[in-house]
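Notes follow the structure.
What you see below is based on every heavy atom in this structure, not just the backbone, and it leaves out hydrogens, waters and symmetry mates.
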Amino acid sequence: AAYASNLINDAGPLDFLSLIKNAECVCTNSFHNMAFALIYDRPFYVFEDNALDVRKVGILKTLKLQDRIVYGDWITLSYSLLLFWIRSIG
């Protein structure tokens, strides 16, 4: 399967929702992408840099999903995704 190799830059709202709904895993720094991943019960990771988004962090703390927040750089995020993949095949 191709993952980040497919760039989709012309998706409309329904396409966007379909992409999240059918994703194996959503990786995002967007509050709305995270919210739709929660709504559609999709595995996800939220990339969070030094400027914390209190909406994202607050919802994830309330749902006890703080482990879905990846703090740091894209290398850290890549490592977290690798662990997710290893756990999913084990």
In sequence, state the C-alpha distance, the side-chain angles, and the governing distance for F36 and L17, and then conclude on side-chain contact (heavy atoms from CB on, under 4.5 Å).
CA-CA 8 Å; F36 286 118; L17 293 175; 3.5 Å; yes
Heavy atoms, side chains only, cut-off 4.5 Å: are C25 and Y45 in contact?
yes
Can you check whether G58's main-chain N or O pairs, donor with acceptor, with T62's side chain at less than 3.5 Å?
yes
Passes side-chain contact (heavy atoms from CB on, under 4.5 Å), L38 versus L65? Steps please.
CA-CA 10 Å; L38 286 165; L65 294 173; 3.8 Å; yes
Looking at every non-hydrogen atom in both residues, tell me the closest pair between T28 and M34 and how far apart they are.
CG2-N, 3.9 Å
Under the rule for side-chain hydrogen bond (donor to acceptor under 3.5 Å, both in side chains), what residues qualify as partners of S30, not counting sequence neighbours?
none
Quick one: do L63 and I69 end up in the same hydrophobic cluster if we chain Ile, Leu, Val, Met, Phe, Trp and Tyr together by side-chain heavy atoms under 4.5 Å apart?
yes
What heavy-atom pair brings I20 and A37 nearest, and what distance separates the two atoms?
CG2-N, 3.8 Å
Under the side-chain contact (heavy atoms from CB on, under 4.5 Å) criterion, do N33 and F44 qualify, and how do the steps go?
CA-CA 9 Å; N33 287 352; F44 68 93; over 6 Å; no
Quick one: does K56's side chain have a donor or acceptor within less than 3.5 Å of a partner on N29's backbone?
yes
What salt bridge (charged side-chain N to carboxylate O under 4.0 Å, His left out) pairs are there with at least one residue in residues 57-69, not counting sequence neighbours?
none
